[in-house]
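Written out below as structure tokens is the structure these notes cover.
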Number of protein chains: 2
Amino acid sequence: MAPRKNFQHLDHRLADALEVMGEWWTPLIIMAVSSGAFRFESIQNSLGIARNILTDRLNTLVAGGVLEKRMYTEKPERYEYHLTAKGLELVPILQDLERWGTRHN
Amino acid sequence: MAPRKNFQHLDHRLADALEVMGEWWTPLIIMAVSSGAFRFESIQNSLGIARNILTDRLNTLVAGGVLEKRMYTEKPERYEYHLTAKGLELVPILQDLERWGTRHN
DNA sequence: CAGTATCCGCGGAGATACTG
DNA sequence: CAGTATCTCCGCGGATACTG
């Protein structure tokens with residue numbers, strides 16, 4: 001479930017960041033959450049990502065401390081996904097990347 | 001050869017950047033080149049990436065205008081890979097990502 | 001609505017051997 | 001030294017159906 005890469009031979013620190021951020025959808029999910037899509041269906045609709053992949057990416061991001069689950073209903077238990085402090089620091093970086101892509105097209 | 005993703009339904013501009021940067025090895029290759037590994041063997045050795053994948057990524061990066069080939073020997077034809085202006089703009093962004101990963105570990 | 005469960009295809013990635 | 005050529009494995013990602 002949690003995607004694991006084997007880069008022990010690479011002590012490159014960028015590789016550590018890519019361990020969490022390396023999957024294609026991950027940056028898009030983070031930007032979706034940062035723009036107000038906190039719930040599963042909401043993220044899924046705004047991105048069109050497959051549901052099983054979204055489940056996997058959300059779990060990985062929670063495990064990596066980028067997102068945190070916040071219960072908003074007890075019965076039944078329902079969670080929203082919010083950026084942690086660590087996740088919030090990622091947003092401006094992704095915006096830079098976005099601008100870079102926009103600048104050169 | 002050139003990896004192609006289908007995200008026409010996503011007009012998200014970040015997706016355009018990820019079209020070039022989305023593959024796992026790509027950021028590491030860019031940082032390797034930016035730190036002086038200009039030649040095939042040199043990049044390959046410093047990263048430990050499979051040769052066929054490196055060939056593919058280099059072609060994609062050249063096609064995407066991030067790297068450019070520079071001939072340094074005529075017989076036989078040998079090329080170095082250097083960052084373009086567009087590629088150079090990526091470096092500080094990747095350094096930010098690197099610092100982000102380092103900060104939270 | 002928020003997931004979980006399957007099934008499947010494709011391509012990323014590794015390993016290795018070969019060529020100019 | 002700089003690739004190209006194969007072969008194989010595996011996991012991402014898509015699609016869809018199902019559950020509480």
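Note that the structure is predicted; figures quoted are calculated from it, not measured. We name chains A, B, ... by the order of the sequence lines, and we start the count at 1 in each one.
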Inset, instruction - Rounded off to whole Å, could you give me the CG-to-P distance for the A:L28 and D:dG14 pair? - result: 11 Å
Inset, instruction - Before accepting this row, confirm whether a basic side-chain N of the pair B:R99/B:D96 lies closer than 4.0 Å to the acidic partner's carboxylate O. - result: yes
Legend entry - Residues forming a salt bridge (Lys or Arg N to Asp or Glu O under 4.0 Å) with B:R78, sequence neighbours excluded: none
Inset, instruction - Dot-bracket for DNA chain C, please, read 5' to 3', with Watson-Crick or G-U wobble pairs under 3.5 Å on both distances, ( ) within the strand, [ ] crossing, | other strand, . unpaired. - result: ||||||||||||||||||||
Legend entry - Test ring pair (Phe, Tyr, Trp, His ring centres under 6.0 Å) applied to A:Y72 - qualifying residues, sequence neighbours left out: none
Legend entry - d(CD, A:Q44; C1', D:dG13) in whole Å: 13 Å
Inset, instruction - Verify the contact: side-chain N or O of A:W25 to OP1 or OP2 of D:dG14, cut-off strictly under 4.0 Å; return yes or no. - result: yes
Legend entry - Under the side chain to side chain contact (heavy atoms under 4.5 Å, CB included) test, residues paired with B:A50 that sit two or more places apart: B:N52, B:I53
Legend entry - N/O (side chain, B:Y72) to phosphate O (OP1/OP2, D:dA2) under 4.0 Å: yes
Legend entry - Residues that B:E77 engages under side chain to side chain donor-acceptor pair (under 3.5 Å), provided they are two or more places apart: B:Y79
Legend entry - Contact state string [nucleotides 3-10 of chain C, B base, S sugar-phosphate only, - no protein heavy atom under 4.0 Å]: BBBB----
Legend entry - Minimum-distance nucleotide (side-chain atoms of B:I53 versus D:dG13, D:dC1, C:dG12): C:dG12
Legend entry - CA sep, side-chain torsions, deciding dist, call: A:L58, A:I43, side chain to side chain contact (heavy atoms under 4.5 Å, CB included): CA-CA 10 Å; A:L58 287 175; A:I43 302 173; 4.2 Å; yes
Legend entry - Interatomic distance where CG belongs to A:N45 and P belongs to C:dC1 [whole Å]: 8 Å
Legend entry - Results of side chain to side chain donor-acceptor pair (under 3.5 Å) for A:E80 - residues two or more places apart only: A:R39, A:H82
Inset, instruction - Check the distance between D:dC10's C1' and B:W24's CH2 and give it to me in whole angstrom. - result: 16 Å
Legend entry - For atom CG of B:D56 and atom P of D:dA5, their distance in whole Å: 13 Å
Legend entry - Separation of C:dC1 C1' from A:M71 CE (nearest whole Å): 16 Å
Inset, instruction - For B:K75 and D:dA2, give me the distance from atom NZ to atom P, rounded to whole Å. - result: 19 Å
Legend entry - Which residues share a side chain to side chain donor-acceptor pair (under 3.5 Å) with A:Q95, sequence neighbours left out: none
Inset, instruction - Measure from CD1 on B:I49 to P on D:dA2 and round the result to the nearest Å. - result: 15 Å
Inset, instruction - Just grab all the ring-ring contact (aromatic ring centres under 6.0 Å, His included) pairs involving residues 86-105 of chain B, residues at least two apart or on different chains. - result: B:W100-B:H104
